[in-house]
Amino acid sequence: MRNLDDLLAEGVSGRRVLVRADLNVPLDKQTGEITDDGRIRAVLPTLSALVQAGAKVVVCSHLGRPKGAPDPQFSLRPVAGRLGELLGAPVHFAEDTVGDSARSTVAELADGQVALLENLRFNKGETSKDDTERGAFADQLAALGDVYVDDAFGAVHRKHASVHDVPARLPHVAGRLVLREVEVLSRLTGDPERPYVVVLGGSKVSDKLAVIEALLPTVDRLLIGGGMCFTFLKAQGHEVGTSLLEAEMVDTCRNLMERAPGKIMLPVDVVAADAFAPDAAHDTVPADGIPSHRLGLDIGPETVAGFAAALSQAKTIFWNGPMGVFEIAAFANGTRGVAEAITKADAFSVVGGGDSAAAVRALGLDESSFGHISTGGGASLEYLEGKTLPGIAALEN
Ligand code: 3PG
Ligand code: MG
């Protein structure tokens with residue numbers, strides 16, 4: 001896989017470099033403000049290197065899941081502003097992705113300047129399952145660059161035009177972020193230093209089933225919290241009140257636990273509340289004593305202590321998914337406790353994407369005390385599952 005250094009060695013001064021970034025950042029629902037700019041910061045090393053080398057940098061990204069047509073709530077305009085602040089130079093914003101505005105914005109770029117195109121997903125072709133429709137959009141996008149850099153690690157698992165089809169049309173390299181992400185994750189799939197402990201949370205077992213299946217034979221310990229733990233607790237024979245439950249997954253969970261006796265660690269206590277609300281009455285209860293009218297919204301302190309003990313032995317750690325509803329202070333202790341235990345462990349630790357990365361920052365934890373914080377949630381999980389990622393495969397061709 002060729003990378004940014006190969007491109008810089010070739011020279012990019014005056015060339016239009018089309019950079020696919022993942023600037024899909026969370027926005028405040030009321031104010032529209034960016035609540036976590038981690039993904040913007042993560043792409044700065046690639047963009048700054050290109051700016052310094054005198055390239056005309058054309059950045060494209062998706063934001064949210066608009067349905068193939070312009071939708072103002074998903075505009076990348078606020079991201080252009082933030083990106084400009086972080087780069088210390090204005091970012092020219094195109095009002096469309098491949099139309100008149102995009103073409104003129106790119107044509108007017110001077111060497112060393114940066115433009116951001118409007119949301120890729122305002123165009124049906126970006127996510128189309130039809131190769132011809134996707135290809136037609138990829139043609140238009142590719143016409144805006146002379147070379148292509150993929151630095152959108154969070155989107156490499158998507159077979160989308162900007163990820164999968166543009167690299168077939170332009171000389172292409174991996175950006176610094178994609179390169180680093182792949183290096184780190186390959187350490188986990190290769191021969192990780194042991195004990196290798198994985199912590200999984202988040203709401204659904206069904207979302208994580210493939211990665212659990214893939215990891216179970218390799219890991220030494222698998223710690224399960226978050227909404228998905230209740231389906232496992234049910235499989236252990238406990239009642240879970242009104243907690244999140246995927247009834248159709250109970251047998252699968254039981255089967256997983258039987259296949260790897262002693263490997264899977266479940267909560268022994270949970271914080272159970274009357275309702276999913278910041279002011280809901282709540283108590284810590286044993287995992288086998290959740291009252292029928294209550295729902296579990298976090299793992300309890302005894303569980304945190306047990307998980308922390310397992311993590312303190314680890315030499316390699318992968319964590320994906322919050323342990324509870326960390327956005328609400330009363331239910332944030334599990335996620336905080338596990339995150340702190342990971343930072344204290346003398347281990348190579350990787351935080352996998354999306355919500356867990358946002359949790360690290362929202363809880364005010366020091367990002368530098370983790371080995372690596374991935375920008376890709378789905379992408380890092382699919383990598384660990386051993387799947388072929390369309391964006392990576394396209395770069396390797
Ligand atoms: C993400 O946030 O997981 C990535 O940006 C990919 O977005 P998507 O899941 O909407 O394809
Ligand atoms: Mg996702």
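Predicted model only: the values in this text are computed from it and were never measured. Just follow the structure's listing: the first ligand is 1, and inside any ligand the first atom is 1.
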E118 with R77: basic N within carboxylate O range, under 4.0 Å | no

For atom CD of E248, decide whether the heavy atoms of other residues, nucleotides or ligands shown that lie under 6.0 angstrom number more than 12.
-> yes

Is there a heavy atom in R39 that sits closer than 4.0 Å to ligand 1?
-> yes

What residues join F276 in its hydrophobic cluster, counting side-chain heavy atom gaps under 4.5 Å, either direct or through other members?
-> V271, L295, L297, V325, I328, F331

Applied to residues 162-173, the salt bridge (Lys or Arg N to Asp or Glu O under 4.0 Å) test, sequence neighbours excluded, yields R134-D165, D139-R169

Any N or O on R121 sitting closer than 3.5 Å to an N or O of ligand 1?
-> yes

Here the pair of heavy atoms bringing V163 nearest to V156 is CG1-CA, 4.0 Å

Report yes if D22 has an N/O atom closer than 3.5 Å to an N/O atom of ligand 1; otherwise report no.
-> yes

Ligand 1 atoms nearer than 4.0 angstrom to some heavy atom of R65 are 8 (P), 9 (O), 10 (O)

Going by the order shown, which atoms of ligand 1 are within less than 4.0 Å of some heavy atom of R158?
-> 8 (P), 9 (O), 11 (O)

Locate the shortest heavy-atom distance separating E239 from I290; write the atom from each residue and the value.
-> O-CB, 3.9 Å

So between S380, G154, G64, A152, whose heavy atom ends up nearest atom 6 (C) of ligand 1?
-> G154

Which atoms from ligand 1 have a heavy atom of N24 less than 4.0 Å away?
-> 1 (C), 2 (O), 4 (C), 5 (O), 7 (O)

